[in-house]
Every structure is written in C-alpha cells, then in structure tokens.
Amino acid sequence: EDSKGIFPGAELKEYMEKFTLWFEKTRPNAIIAVGEFALKLLTGQETLSDLRGYIIPSNISGKHIAKVIATFEPKRLFPEPHHMFTVTMDIKKGIVASGSNEFPEITKSLIPSATPDQFIEYCDWIVESTSGEGVKDIRYPDAEEVLTGVGLDIENTIGSGCHITQFGLGHSGNYAMTINFLNGKSPALSETDELRVWQAIGRVANSKAKFVAHNGGHDLAITWMNNHILFKIDFDTMLAGQLLYPELLKSLKFLCSLCLDVKPWKHVSAEATYNPEDVANTRSLRDVLYNRLKARNLLKIFGKEISQIPVASLFELRGLNIDKEKKSLLLRRYSKYALKLKKLLDKESIKATRKIINYNSPAQVAKFLYEDLGLPVQYKRRKSVKDKRKMTTGKEALITLCQKTTSLVPRLMLKHRKAAKAISTYLDFEIGPQGTIHASFNIGSTVERFKQKDTADSKSLGRWSCS
C-alpha cells in the first residue's frame, strides 16, 4: 500500500479478492472490524472514533451485506488498558448480532423542526398523560412509556448568554420532537409564538412527568438562567454511566455504542435530526441503565447522586465570590516569581546558546535540553514498536531529567511551568461586576465529587465566566 494509505497495493488487492470470495460463500451475519483500517476495508468508512461499537452495513460485496461492529486494535490496549472492557462489550455485541442476518429495526418518528402548535400540543399531551389518571390519549406511538420518563435535551450557544437554540422532548426511544428558537443569530419564532411555547414548556416542567437527561445539570441551569423554568431531573444517563462504568467515557455517544442498537449520529451534527436523535437515544438509554443499576443494587446510591444536580446547578448560577485584593496580591506575587524563574532560565540559555529561547516552543526547548545541554533524550511512549520515536519535553520528561541529572535547567522549567499555570488558570481571569466567577461542577467525577472543569465546551457554562 502507498505511504498515505489511499491506494491498495498488489498484495492487499489479492487478499481482499480472496476475502470477498470467502465472504460471499460463507455469508456471515456479523464481522468484528479490529481497528480503523479493517473498518475502512469492510465499510468504506474510516472514523473509528465516531463508529466504534455501532452496527454498520458492509459494502465489500453486492451479493451479501453483513453487520460490521468496529472496535479498537490490540496495540491500543497496552497504553490504554481501560479500553479492554470496551472491546469486550463490542465483541459481545458482535456475538449477539451474529445470531441473525437481520439488521436492528429502527422505526423512529423524529420531528426536527416542529411548528409552535405541534410542540405546544405535544407538551400539553405530556402534562395530561402524567397527571396521575393514566394515559387516555394514545395518538403518539408507545404512549404508555411517557409514564416512566420524558427525554429532555437542549442546544445552546457557547459563550456570553448561553441562548437556547433548540429544545427537544421525547416520551420514548421511538418518538421525539424539537422546536427551534434561533436560526443562526435570528429568532425562528415570532414573539407571540415563542411566549406560547415557553409557557407550554413551563407547564411540562411543573407536571408530574419524570424527566430524563444526559448531563441534566446543564439543561437545568440553562433553562433556569434563560427563562426561570425549573426542571426536576429524575434520571441522568451520564451519572448512571459514571456509576456503572467509572473507568469509561461518559458521553452519550459512547454509552449508546455500548448499550443500544442505534445508528451512529453524533458525527453528523449538522443534520436536522441531531437534537431529536439525542432526545430519543437518551430516553432509550435510560431503560437499559436503570435495569443495570437495579441488578447491581446501585439505585440508592444513584438517588443520592441525582439529588446533587440542583445543588451543583445552583453553584454554577450563583457563582463564587472573589476577594479582589487577595486575587491581585497573589497575581503580583506569582508574576514576580515567574519572572524571577525566567531570568534564571535566560541566564542558563545564554550560557549554553548565547541567546534567549522561547520556553513555550517544544522544538526550541528540545534543542536546548538535548542538543545544547546534552541531556539524555526523553521519548513519548509509543503504542507500537513500529511507530516512530518522538522526543518529548513534557512534565514527565522533565521529572525524569531531574532524577537522572544534576542540571539546574529541568528543575527551573518545572517551577516556571507550575507558576505560569497558576497564573493563567487560577489568577488571571476577569471578575464580574457582582464580584463573582462561575465554574462548572461535574458530579460524575471519579476523583472529586465536585470538580471544576478545566475547559469550556458546549455542555458547560464555561471554566471561568463573569456575571
């Protein structure tokens, strides 16, 4: 094969011809694709991070189509042993899939851009059906499932405002509805219609419905901040996943790949059905995770986790009071300390290279340490012996150099990086007019019960944001 992995070589072509003949003769129901290369050969798709664990149709022959379940290659398990469980679950899914030549039947009714009247009618149906008198109106599919949970998911802008762009509800894994509030930066509804919709959402929030969400603390905080509507989250699939599988990822995409037979959808976020897919799959995931929590006698602990959602959301919304004088004092102190360390590093740099280097440049730091100072070269850990060795100047490399040499430079670099990190992460931030900052708290942390997030993303209010 060529170096870029685009055009197959003669040996690979010959192998694929033999494999295709075997495939057409044997007609397997399911195949495990081990690694991204096998996934590409069997399905024509190559993004393992998006498709791992999902059932995908093969495309190597027009005479037979098999179910392909992609998983990680063995070489990835050595540096990342926690993926062993993931691979085991993928193989189990493949074994189950091999029992039949039929693909999972997916009959979802997804309404991606509901009209105000459609959405309000659906909201009022949820309120009526969960009032305690039973489900009398069965106009929607799987109507009885509304009693065990209503999926909830919102999409919002990132940054100042966190404006809600889409709001989705779904009473079953086969039915979900989304209404759009923004088209880009323009309102999608008239003022009258938007008011009617939010009033209907308020009625749902005050109903007896049991709400299901993934990272429900985010949805609770954003809806309260935007419209003073308060939802009570009865089941959070992210927290359930953390409790059942603390060593694994907590994303909705990952948990669905382990627990459900649904098509992959997270990598096509531009599609109109993205939000209702989120809602429907969250609702389906609830039933699977609930049964697993029950089987492992974890429902009581899970109830305590759920009870912390409004507390964490309140922390996010109210913010933390900051002493401006102490903050300024610490910022000056650490800035002075970091400048002192930089001057010492500059002195060593001029002595060895007759110039000052950029300590934020890994290439310049590597040349300084390993060529100019002659310190033993440190390499990144490889996933395979066939991978090219790459030099590193990271924290672990500097610690190793401190242990193996008497040079002052790696010690100064560690101290300088620590001081710079303290300044950029914890001291050099803007305080709002009310004297507060807002952090995001992650209940599902495996290290601390309440952990401040290190980065801002679409599912947080931001690492630091001023009010």
Study note, to complete from the structure: Contacts of Y245 meeting side-chain hydrogen bond (donor to acceptor under 3.5 Å, both in side chains) (sequence neighbours excluded), chain-then-number -> R292

Point to revise | By side-chain hydrogen bond (donor to acceptor under 3.5 Å, both in side chains) - contacts of S129 (at least two apart) | key: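 Result, side-chain hydrogen bond (donor to acceptor under 3.5 Å, both in side chains) vs S129: W125.
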
Practice item. Kindly check if the number of other-residue, nucleotide or ligand heavy atoms within 6.0 Å of CG (N291) is above 12? Key: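 Buried by this count: over 12 neighbours within 6.0 Å.
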
**Study point:** side chain to side chain contact (heavy atoms under 4.5 Å, CB included) partners for T115, two or more places apart
**Key:**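 Scan of T115 (side chain to side chain contact (heavy atoms under 4.5 Å, CB included), adjacent residues dropped) gives D117, Q118.
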
Can you see whether [X] engages [Y] through a side-chain donor-acceptor pair at a distance of less than 3.5 angstrom?
| X | Y | answer |
| --- | --- | --- |
| N29 | N101 | no |
| K421 | Y426 | no |
| T165 | N156 | no |
| N275 | Q166 | no |
| H214 | T282 | no |

Partner set under salt bridge (charged side-chain N to carboxylate O under 4.0 Å, His left out) for [X], not counting sequence neighbours:
| X | result |
| --- | --- |
| K108 | E277 |
| D236 | none |
| K136 | E133 |
| D428 | none |

Check your understanding: Hey, is E121 close enough to R139 for a salt bridge, meaning N to O under 4.0 Å?
Key -> yes

[X]: ring-ring contact (aromatic ring centres under 6.0 Å, His included) partners, not counting sequence neighbours:
| X | result |
| --- | --- |
| Y337 | none |
| F181 | W198 |
| F23 | H64 |
| F19 | W22 |

Review point. Is there any salt bridge (charged side-chain N to carboxylate O under 4.0 Å, His left out) pair reaching into residues 199-208, and which pairs are they, with sequence neighbours excluded?
Key: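 Those involving residues 199-208 are D124-R203.
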
**Study point:** Least distance between heavy atoms, S284 atom then G173 atom
**Key:** OG-CA, 3.0 Å

Review point. So, for F235 and F302, is the gap between ring centers shorter than 6.0 Å?
Key: yes

Review point. Does K327 count as lying over the ring of F429, i.e. NZ or CZ under 6.0 Å from the six-ring centre, within 45 degrees of the axis?
Key: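 Because its charged atom sits under 6.0 Å from the ring centre and within 45° of the axis, K327 does stack over F429.
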
Exercise for review: Kindly determine whether R52 and D90 satisfy salt bridge (Lys or Arg N to Asp or Glu O under 4.0 Å), including the steps that lead there.
Suggested key: CA-CA 8 Å; R52 196 230 91 253; D90 292 339; 2.8 Å; yes

